Amino acid sequence: MPKLVNLTLSPKHASDAKFYTPLVARELRIKESDIALLRIVKRSVDARRGALKVNLSFEAYIDNEEQPAPLHFDYPSAVGKPEIIIIGAGPAGLYCALRLIELGYRPILFERGKEVVERGKDIAKIQRNQGVNPDSNYAFGEGGAGTFSDGKLFTRSKKRGDYNRALQRLVFHGASPEILYEAHPHIGSDRLPRIIANMREAIRTAGGEVHFEKRVEELIVRNGRVEGVIAGGDKVEARAVVVATGHSARDIYYMLHRSGVRLEAKAYAMGVRIEHPQQLINNIQYHRSAEMEYLPAASYSLVAQVGGRGVYSFCMCPGGFIVPALTDESESVVNGMSPSHRNSPYANSGFVTEIREEDFAHFQERYGALAGLVFQQQLEQAARAQAPELQKAPAQRVADFVAGRKSVSLPKCSYVPGIVESRLDEWLPQFMSSRLREAISVFDKRMRGYLTNEAVVVGVESRTSTPVRIPRDRETLQHPEVAGLYPAGEGAGFAGGIISAALDGERIAEAIDCTIS
Ligand SMILES: Cc1cc2nc3c(=O)[nH]c(=O)nc-3n(C[C@H](O)[C@H](O)[C@H](O)COP(=O)(O)OP(=O)(O)OC[C@H]3O[C@@H](n4cnc5c(N)ncnc54)[C@H](O)[C@@H]3O)c2cc1C
């Protein structure tokens, strides 16, 4: 068993193994040379008051002691095994496929987008204002929506599955083992693509199929049971179909609605991206400490209740970039990402407020369960109308947004396609803009300097979660009225984030195994 040691150190000393290793040895009353392996298992910065401190928890392995080995994942041959169709190669679809192989099934995966390297080229085109491929972009393509992202791996839903095993699977496919013990693990947009490609190769090597640029257009449903799909014009049959298409696949929701598959409208959240200079956030969070240079780019997480609704920061990307996450040129949609070193000079975060069913009740009669989706789409189109030129996005300085006045100029911004001055305070729906503006003033009391004209809001952050749920039976996880149809991941309304979607995909594989075997 490793020995556990906790130390509280200055940022400089906490970054120096030559300094802390002898301290650990002294705590354990052993010689430094007796330590065979020293791992930091938890690291947190205490910036509450006075001098900055870093709390470190170590695991020390002493000579001859058995050291931890990464988990090995065994993927047996899937050839000749019962076939299961999975729509979507995001985290839910990929983890579902790998778990199905482990359980003795042959996954057939259809992905509308391109494999990850080719997808990267289409994303570069979006950044250069050279147009948006509606099937290959920040939301669609191998690896799903989070592939070109910060790759934050934190989830609040650890109870839904084996969180540690999900991380171990990433390590097995090429992620750094550090993600297993970091308090807030993240991979980085520069490293995720290789890991995703390794997962795809594991599926193919085991005998599963992965098809790119094959969009599923229809489900084949007969007598209340799904029998297969039409993908790229071809009819393909299988024992079960997993719908893991994410929350941007509006055509899938429309197709299900048209086919009479019951969907449900749900509450979600929308708002803007807010971006500050990273140095400003570091100064606020680290109190201008002389030792800031030894600490990572600072982050924040803020929540307030305004007018009876939650307003909160979401998916904060320290040292990151705002990215164009649109799937259609008629929309402006932004999101955020960071490279693994989180070293850009900008700190951006989603900044959103709850959208409840009462907010889109006026669409209910006409669009039924899709009312929230239509409301979301209209906001994205309203944002595009403000910045009609290619992939540019509407923006306003933060203090101007709060004060309700035009920005006469805009600050530098990480959003590569470019930002355009616009009165977000005026054209965002009033119930959203008033809450967002008030919340910024509330947040400024907690982080002095947050409300500043050095910062900018960019529109719109509209794809935080799905406005539509595809219901499923609690026990079997199948759609209550369509046997063999398994809604999975974020698009079905059962996950929010990379790891929770991955865990949901595994859960679906296990539910299929229970029902079919
Ligand atoms: C820029 C960005 C940054 C993000 N950063 C983070 C982060 O740091 N941490 C985090 O936890 N989460 C992050 N997220 C959210 C995260 O990516 C999602 O929660 C997660 O990917 C959802 O997984 P999923 O498998 O359910 O769906 P998705 O990842 O959306 O995957 C769905 C897949 O289905 C495919 N598809 C859709 N329709 C069809 C069809 N008709 N036929 C075939 N294929 C289809 C799509 O192309 C896509 O690849 C980010 C998202 C974005 C856009």
Side-chain angles (χ1 to χ4, degrees), residues 85-97 109-116 119 123 126 133-157 166 184-189 192 196 210-219 229-232 241-256 273 314-318 320-327 333-338 340 342 348-350 461-466 470 487-505 508:
I85 290 174
I86 301 171
I87 318 174
L94 288 170
Y95 269 66
C96 183
L109 231 154
F110 292 111
E111 168 54 55
R112 73 194 299 158
K114 298 182 183 172
E115 60 89 6
V116 74
R119 182 183 173 194
I123 282 174
I126 300 175
N133 178 337
D135 288 314
S136 177
N137 45 55
Y138 271 100
F140 296 155
E142 186 179 23
T147 308
F148 296 89
S149 79
D150 193 36
K152 283 184 280 292
L153 301 174
F154 182 70
T155 175
R156 289 197 190 90
S157 60
H184 293 286
H186 84 113
I187 294 187
S189 52
L192 259 171
I196 299 292
V210 185
H211 301 276
F212 294 110
E213 298 182 68
K214 275 259 180 186
R215 182 154 49 82
V216 169
E217 296 120 8
E218 292 292 338
L219 282 186
V229 299
I230 310 283
V241 174
V242 179
V243 181
T245 43
H247 61 24
S248 289
R250 290 186 174 138
D251 49 352
I252 281 284
Y253 295 126
Y254 278 105
M255 181 270 283
L256 293 172
R273 269 269 143 188
F314 175 85
C315 183
M316 202 257 148
C317 297
F321 299 90
I322 300 180
V323 297
L326 63 170
T327 42
V333 181
V334 289
N335 209 305
M337 66 113 163
S338 315
S340 54
R342 290 182 163 169
N348 73 68
S349 176
E461 175 91 21
S462 51
R463 309 264 179 105
T464 58
S465 55
T466 174
I470 313 176
E490 190 164 38
F494 296 98
I498 295 170
I499 288 293
S500 69
L503 290 175
D504 197 56
I508 290 291

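Remember, it's 1-based here, ligands and their atoms both numbered in the order they're listed. Remember, it's a predicted structure, so these values are computed and weren't measured experimentally.
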**Prompt:** Has ligand 1 got any nitrogen or oxygen that is less than 3.5 angstrom from a nitrogen or oxygen of I498?
**Reply:** yes
**Numbered atoms and elements of ligand 1 in range of E490, under 4.0 angstrom, heavy atoms** = 18 (C), 19 (O), 20 (C), 22 (C), 26 (O)
**Request:** Indicate, as side chain, backbone, both or neither, the part of K214 found under 4.0 angstrom from ligand 1 when only non-hydrogen atoms are considered.
**Result:** backbone
**Request:** Report the part of N335 in contact with ligand 1, treating N, CA, C, O as backbone and CB onward as side chain, heavy atoms under 4.0 Å; options are side chain, backbone, both, neither.
**Result:** side chain
**Asked** Counting each atom of ligand 1 from 1 as listed, which ones have a heavy atom of A501 under 4.0 Å away?
**Response** 22 (C), 23 (O), 24 (P), 26 (O)
**Prompt:** Does the side chain of V333 reach to within under 4.5 Å of the side chain of T327, using non-hydrogen atoms?
**Reply:** no
**Asked** Is any side-chain heavy atom of I126 closer than 4.5 Å to a side-chain heavy atom of L326?
**Response** yes
**Request:** Supply the atom-to-atom distance I508 CD1 to F494 CZ, rounded to the nearest 0.5 angstrom.
**Result:** 8.0 Å
**Prompt:** Are L503 and Y95 close enough that some pair of their side-chain heavy atoms sits under 4.5 Å apart?
**Reply:** no
**Message:** Measuring from atom 31 (O) of ligand 1, which candidate in G90, G491, G93 has the nearest non-hydrogen atom?
**Reply:** G90
**Winner among V216, L192, T464 once heavy atoms are compared against atom 40 (C) of ligand 1** = V216
**Asked** Just which atoms of ligand 1 are under 4.0 Å from any heavy atom in A244?
**Response** 32 (C), 33 (C), 34 (O)
**Fill in**
Any heavy atom of E111 under 4.0 Å from ligand 1? The part involved is both
**Fill in**
Heavy atoms of R119 and Y138 approach each other most closely as NH2-O, 3.0 Å
**Message:** Using side-chain heavy atoms (C-beta onward) and a distance below 4.5 Å, is I470 in contact with Y253?
**Reply:** yes
**Message:** Can you tell me if G141 contacts ligand 1 (heavy atom of the residue under 4.0 Å from the ligand)?
**Reply:** yes
**Prompt:** Is it the side chain (CB and beyond), the backbone, both or neither of A325 that lies under 4.0 Å from ligand 1, heavy atoms counted?
**Reply:** neither
**Request:** Record the part of F140 in heavy-atom contact with ligand 1 below 4.0 Å; permitted values are side chain, backbone, both and neither.
**Result:** both
**Item:** Test of proximity, A488 against ligand 1: N or O pairs below 3.5 Å
**Value:** no
**Complete:** Quick note on ligand 1: atoms under 4.0 Å from a heavy atom of I252 include exactly 41 (N)
**Fill in**
Hits for salt bridge (Lys or Arg N to Asp or Glu O under 4.0 Å) against R463, two or more places apart or cross-chain, chain-then-number order -> E331, E380
**Request:** Measure the shortest side-chain to side-chain distance between T147 and E142 over non-hydrogen atoms and say whether it is less than 4.5 angstrom.
**Result:** no
**Request:** Would you please classify the geometry between the F110 ring and the H211 ring as parallel, tilted or perpendicular, with 30° and 60° separating the classes?
**Result:** parallel
**Asked** Do L256 and L219 touch side chain to side chain, with heavy atoms closer than 4.5 Å?
**Response** yes
**Item:** Ligand-side contact atoms (ligand 1) for residue partner G497, heavy atom cut-off under 4.0 Å
**Value:** 10 (C), 11 (O), 12 (N), 19 (O)
**Fill in**
For A92, the ligand 1 atoms with a heavy-atom partner under 4.0 Å come out as 25 (O), 26 (O)
**Prompt:** Is the closest side-chain heavy-atom distance between V116 and F148 below 4.5 Å?
**Reply:** yes
**Asked** Where the side chain of E111 meets the backbone of G141, is there a donor-acceptor pair that is under 3.5 Å apart?
**Response** yes
**Prompt:** Mind checking whether M255 and E217 have side chains closer than 4.5 Å, heavy atoms only?
**Reply:** no
**Prompt:** For ligand 1, which atoms, with element, lie under 4.0 Å from some heavy atom of G146?
**Reply:** 17 (O), 21 (O)
**Prompt:** ligand 1 and I499, any nitrogen or oxygen pair closer than 3.5 angstrom?
**Reply:** no
**Request:** For ligand 1, indicate whether the residue A249 contacts it via side chain, backbone, both or neither (heavy-atom separation under 4.0 Å).
**Result:** side chain
**Prompt:** Out of curiosity, is M337 lining ligand 1, as in a heavy atom under 4.0 Å away?
**Reply:** no
**Asked** By number and element, which atoms of ligand 1 are closer than 4.0 Å to a non-hydrogen atom of G336?
**Response** 1 (C), 2 (C), 3 (C)
**Request:** Could you say whether the N/O atoms of R112 and ligand 1 ever approach to under 3.5 Å?
**Result:** yes
